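Keep in mind that what you see is a predicted model, and the values were worked out from it rather than measured.
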Amino acid sequence: QVQLVESGGGLVQPGGSLRLSCAASGSGFRFNTMGWYRQAPGKERELVAVITNGGDTNYGDFVKGRFAISRDNAMNTVYLQMNSLQPEDTAVYYCRAVHSSVAPIIYWGQGTQVTVSP
């Protein structure tokens with residue numbers, strides 16, 4: 001029943017910005033962590049950013065201050081503001097959420113395409 005739906009991807013020129021959104025539905029609980037991963041053609045899926053329900057954040061090394069993750073207080077929506085986008089940022093961006101019970105349960109969205117090209 002839990003669904004994660006991403007939106008906000010698209011085509012942008014180098015140096016441009018995009019704001020991704022991930023909306024969770026069907027959960028009767030608060031996620032412990034939510035975040036973003038990305039996967040480019042021929043590459044492994046990699047961490048972009050994560051945020052906990054306490055507000056702690058962690059970013060991939062490639063971000064270097066260009067991206068910012070945020071969430072609503074209910075932890076059912078997470079955002080990724082991406083600035084100074086470069087062609088190497090082109091990838092499918094996936095929303096990820098974790099609910100910790102006896103063992104962590106991981107949920108993935110379908111992904112949204114981000115393409116950075118002149």
>> Show the nearest heavy-atom pair for residues Gln86 and Gly15, with the distance to one decimal.
In response: NE2-N, 4.1 Å

>> Please give me the minimum heavy-atom distance between Cys95 and Met34, naming the atom from each residue.
In response: SG-CE, 4.3 Å

> Can Tyr37 and Arg45 be counted as having a side-chain donor-acceptor contact under 3.5 angstrom?
Replying inline: no

> Where is the tightest heavy-atom contact between Val116 and Thr90, given as atom of each residue plus distance?
Replying inline: N-OG1, 2.9 Å

>> Check this for me: Glu44, atom CD, are more than 12 non-hydrogen atoms of other residues, nucleotides or ligands nearer than 6.0 Å?
In response: no

> What heavy-atom pair brings Arg71 and Thr52 nearest, and what distance separates the two atoms?
Replying inline: NE-O, 3.3 Å

> When you look at Phe29 and His99, which way does the ring-ring contact (aromatic ring centres under 6.0 Å, His included) test go after all the steps?
Replying inline: CA-CA 8 Å; Phe29 49 81; His99 176 237; 3.8 Å; yes

> Below 4.5 Å, heavy atoms only, C-beta onward: do Asn76 and Phe31 meet side chain to side chain?
Replying inline: no

> Who are the side chain to side chain contact (heavy atoms under 4.5 Å, CB included) partners of Ser7, not counting sequence neighbours?
Replying inline: Ser21

>> For the OG1 atom of Thr33 and the CG atom of Asn53, what is their distance to the nearest 0.5 Å?
In response: 8.5 Å

> Do Ser25 and Gln3 come close enough that some side-chain heavy atom pair is under 4.5 Å?
Replying inline: yes

>> When you group the ILVMFWY residues by side-chain heavy-atom contacts below 4.5 Å and let the links chain together, are Val92 and Leu47 in the same group?
In response: yes

>> Could you see if Val98 belongs to whatever hydrophobic cluster contains Val2? Use Ile, Leu, Val, Met, Phe, Trp, Tyr and a side-chain cutoff under 4.5 Å.
In response: no

> Does any non-hydrogen side-chain atom of Pro14 lie less than 4.5 Å from one of Pro118?
Replying inline: yes

> Do Leu80 and Val48 touch side chain to side chain, with heavy atoms closer than 4.5 Å?
Replying inline: yes

> What is the distance from atom CD1 of Ile105 to atom OG of Ser27, rounded to the nearest 0.5 Å?
Replying inline: 11.5 Å

>> Tell me the closest heavy-atom pair linking Glu6 and Leu4, and the distance in Å.
In response: OE1-O, 3.9 Å

>> Tyr94 vs Gln39, test: side chain to side chain contact (heavy atoms under 4.5 Å, CB included). Steps then yes/no.
In response: CA-CA 8 Å; Tyr94 296 92; Gln39 188 165 23; 4.2 Å; yes

Cut-off 3.5 Å, no hydrogens considered: what does the side-chain donor-acceptor table look like for residues 56-64, sequence neighbours left out?
unit_1, atom_1, unit_2, atom_2, d
Tyr59, OH, Ile69, N, 3.0

>> On a heavy-atom basis, which atom in Ser17 and which in Gln81 lie closest, and how many Å separate them?
In response: CB-NE2, 3.9 Å

>> Whether Arg96 engages the ring of Tyr107 as a cation-pi pair (distance to the six-membered ring centre under 6.0 angstrom, angle to the ring normal within 45°) should be assessed.
In response: no

> Who are the side-chain hydrogen bond (donor to acceptor under 3.5 Å, both in side chains) partners of Arg66, not counting sequence neighbours?
Replying inline: Asp89

> Do Met82 and Val114 have side chains that get closer than 4.5 Å, going by heavy atoms?
Replying inline: yes

>> Is any side-chain heavy atom of Trp36 closer than 4.5 Å to one of Ile51?
In response: no

>> Could you check whether any side-chain heavy atom of Cys22 comes within less than 4.5 Å of a side-chain heavy atom of Leu20, counting everything from C-beta outward?
In response: no

